[in-house]
Every structure is written in structure tokens, then in C-alpha cells.
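A short worksheet on the structure shown next.
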Amino acid sequence: MTKFPLAVIGLLAFSAPVLAQRVPPPQVPVDPHVVALRDAALKDDVAYDIVEGLTTEVGPRLAGTEAEARARAWAVAKLTALGFKNVRIEPARMQTWVRGDEAAEVMSPFPQKLRVAALGNSGATPASGITAPIVYFASFNDLVAAPDGSLKGKIAFVSNAMAATQDGSTYGTFGAARFVGPAIASRKGALAILIKSIGSDHSRAPHTGVTSFPAGAQAIPAAALSVADAENLERMVKRGQPINLHLTLTPHQVGETDTGNVIAEVPGTDPAAGIVVIGGHLDSWDLGTGAIDDGAGVAITTAAAKRLLDGPAPRRTIRVVWFGDEETGGAGSKAYFAAHKGDHHVLAAESDFGADHVWRLATNFAPDNAAIADRLAAALAPLGIVRSRDKGGDGADIAPLVGAGVAAVDLNQDGTRYFDYHHTPEDVLDRIDPAQLAQNVAAWTTMLAVVANASEDIAPVAAADGKAR
Ligand code: ZN
Ligand code: ZN
């Protein structure tokens, strides 16, 4: 694990003008109050305390399960102890899936065990498993091109190499094999599907994640092989002999259970100025302890709000939301939007891309609010953060708000190593670098200090500028 000492953050500040040559930081003055909050936050230890506590005292917290309920109780106690106002749980209901036993083994011609993890919503094999020949697809597109019925009685194996990128853009492209590959294989008659993990590592840790089957489609057993095991299976395929594989997956749908959002506020002095909503998701996959996904996100946003809570009251109310169920279907964000769409939200932002440093700012302010974006860019530049020419508004939990025209700010984190650990047993506290975590808190504190105190009105954005996804 690369460490990222504070001294390097200083170097990054030097390199920012070079990186940002095409979009230089605007030469606008930065409010000394913002500077003081930003620089103090580089020594933040509240975020680390939150993610350390959550991963140690709760651990994995799969959406809809008893563990997620324990996480909500933990969150209420923590947010209350930190001094936040209006701390509460807003319950919601969801369809819940839980993992069972899982094992995969090549029976012939090269007998050996492979490491797998079922995908969320995977169907089950009999407890004794299934044995079937595999059909190899070098890419997702090759699976799509397979004739209907051609996979009958077979296990589809979709290989699909994903490269690491700073902005994580390869996830959307290669993730299709996981998001919809199982439904496509089911439609073509497959008995089951194995995909190469959607990950940029070469370890034996499989990457889980949700898949979905449309109404009427049979939920076939669907699992991810670790990248290393998928590569081994590819080498077997290249030897040209038929491969028989034994697969056991016994997850099940448990029906409707409780999830919920945990909400806390920093009250503003001017109720007419609207609400700034920030947060991340409290639920996690069950293989690791959900440190980078997304214990870090709730920790970063809460620690930043705490810095505003402890200073002079901001003009706008800051609402921190620890969303329930993001991972398996988004019941948390849907429930939040249903309950609060009438609230006067003026800005939304979420942190859900690990714990490595923020490197880029993207916004989607209305043209009349361009000066706020300029002040943000100027205030963030000393943290090594450059300005994107793309519009902001990414993130599953804020998507309904952004789709409804609420302005958004993205503080993009460096995703170079995020997909090495994402949704694996390796998503644990040890993957978090405290210095980079603190740089995140400094960026979020800066953002809040600028937007929550902006003297101008923050306008809704045109639907076309939102990124409803
Ligand atoms: Zn996440
Ligand atoms: Zn996730």
C-alpha cells in the first residue's frame, strides 16, 4: 500500500498549476475563514475515527440485514456524540438477498479449486452443486453475440479484463459483464454464469457486486471468479480441451426487510437559503468490512460537516445522510427522495469512491452561479485539486436529487487502486491511508465552507445539466 504523507500533499499543491494548464484556477481571493478551516482539516482525525469504529465495531453490513440495522444504531450513537442536531433514522423497506455457500472446482481436464463469490441477486444451485461444461466468451460483446439457446445446459464464462484508471471510467464499460451479463446468459439458456471479477487487481480475492434479472427472467446462479483464477481458467481454455466445472452457490432471497437512512444536521442561520445535502452509504458488501466502500465516504463527509458544526453556524443547513441500501438496489436514495423531494435542497454531493486523495473538482452550477464555482476552484487548488471541464453530478445516492435539478459538486477521488479492492474481502481499514483521508476532509470542509456560506442564491440547474442515471 502506498502511503501518502502530508509532505506529498504539499508537493501536489505545487504540481496543481501544471496539471491544470488547460483550466487554470481562477484568480479570485479566498476567504481567510475558508483557508483556516481547510488547512486545519488536513490534520483531521475524526474521519479516521469514524471509519475505524464502524469497521471494527460493526464490520460488514449487507443491506437489509441485521448487520445494517446494527450499523444504523451505531451511526445514531456516533452522530449524536459528535454533537449533530436532528439525528434520526428514516426507515425504508427493501428486497433482501443473502449469500450462502460458494465453491467452484474444475473437474476435468485439470482438476483444481477456483475462488468465487456469488453476485448479489444470484440464483442458487442445488446444495450439492451442478457439474457442466463451460462456454468461454473473451468479452461481454461475445456473450451478447451468442445465439439464443446456445448455452443450454452450460456454464457461461465471460472474461473481461479491466484496467485501472484515475477517474474509474473503465468500471462503467467493463462492469456490463456483471450488471447485465447474467440476465443475458439466462435468456440464452445458460445453467449458470461465471465472470472474471470486475477489478483491476490480479489477486485471488473475488469481487462481488449486484446484478439484476428483469421480471420474468430466471435468476440463474451467477458468480465472479477472482481475476487470478479467471486467468487460470482462460489458460485452460487455450489448451483446447472441453472443461467441466462443478459449481455450488446457495444464496437466497429473504423477501422484504428493513433498511433506512441515518440523517444528521448542522443547522443554518438562514432557512430560506436552502439545504446542502452531503453523504455516502452506510451499507456495504459482506466480504470485507466496507472501509473504502463506503465507510470512508460517510466518514469524510461527516468529519467535514463536524468542522462547520464546531465553527460559526453556516448560512445554510448542512444535512448529512448515511444512506441505507446503495449496493443492492438503491432503496436508501429512493426513500430519501420520496420523503424529501419537497425540501428546499440547493446542492447535493456524495463521497463514494474510496479514501484516496481528491484530485479534481466538477460542478454543474447554473450560469448565474459561475462565481461560486470559481471560488471553489480557487480555494481547492492548494490541495492539489484541478478543475474538470466535465459537469458534476455523479453518484448513485444523489442521482434522484440531481435528476430533479439540484445543483451538484463532485470532489473526484483518485481511483487508481480503488478497483483493486472494491467489493472484495480486501476492502478493510488497512487499505485506508490516513493522510489521504484527511486531504479528503480538507477538500469537503472547503467545499462546505464555500457553498453553505455563499451569499448569493444557489439556483436549480436545467434538467439537461443534471446527470440523471
Ligand atoms: Zn459505494
Ligand atoms: Zn459498492
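Position 1 is the first residue of the sequence, and the numbers go up from there. Predicted model only: the values in this text are computed from it and were never measured. As the structure lists them, so they are numbered: ligands from 1, and atoms in each ligand from 1.
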Discussion item. Counting backbone and side-chain atoms alike, is an N, O or S atom of H281 positioned under 2.8 Å from the Zn ion (ligand 2)?
Written reply: no

Worksheet item: So which heavy atom on I263 is nearest to which on H340, and how close?
Response: CD1-NE2, 4.0 Å

Discussion item. If you consider just the N/O/S atoms, which atom of E327 is the closest one to the Zn ion (ligand 2)?
Written reply: OE2

Worksheet entry | Name, closest N/O/S atom of D293 to the Zn ion (ligand 1) | OD1

Fill in: Heteroatom N/O/S of D352 within less than 2.8 Å of the Zn ion (ligand 1)
yes

Item to complete: Please name the pair of heavy atoms, one in A291 and one in V51, separated by the smallest distance, quoted to 0.1 Å.
Response: O-CG2, 3.7 Å

Discussion item. Out of the candidates D201, D420, D427, only one should pair with H207 under the side chain to side chain donor-acceptor pair (under 3.5 Å) rule; please name it.
Written reply: D201

Item to complete: Find out whether F365 and L376 are in side-chain contact, i.e. whether some heavy atom of one side chain is under 4.5 Å from a heavy atom of the other.
Response: yes

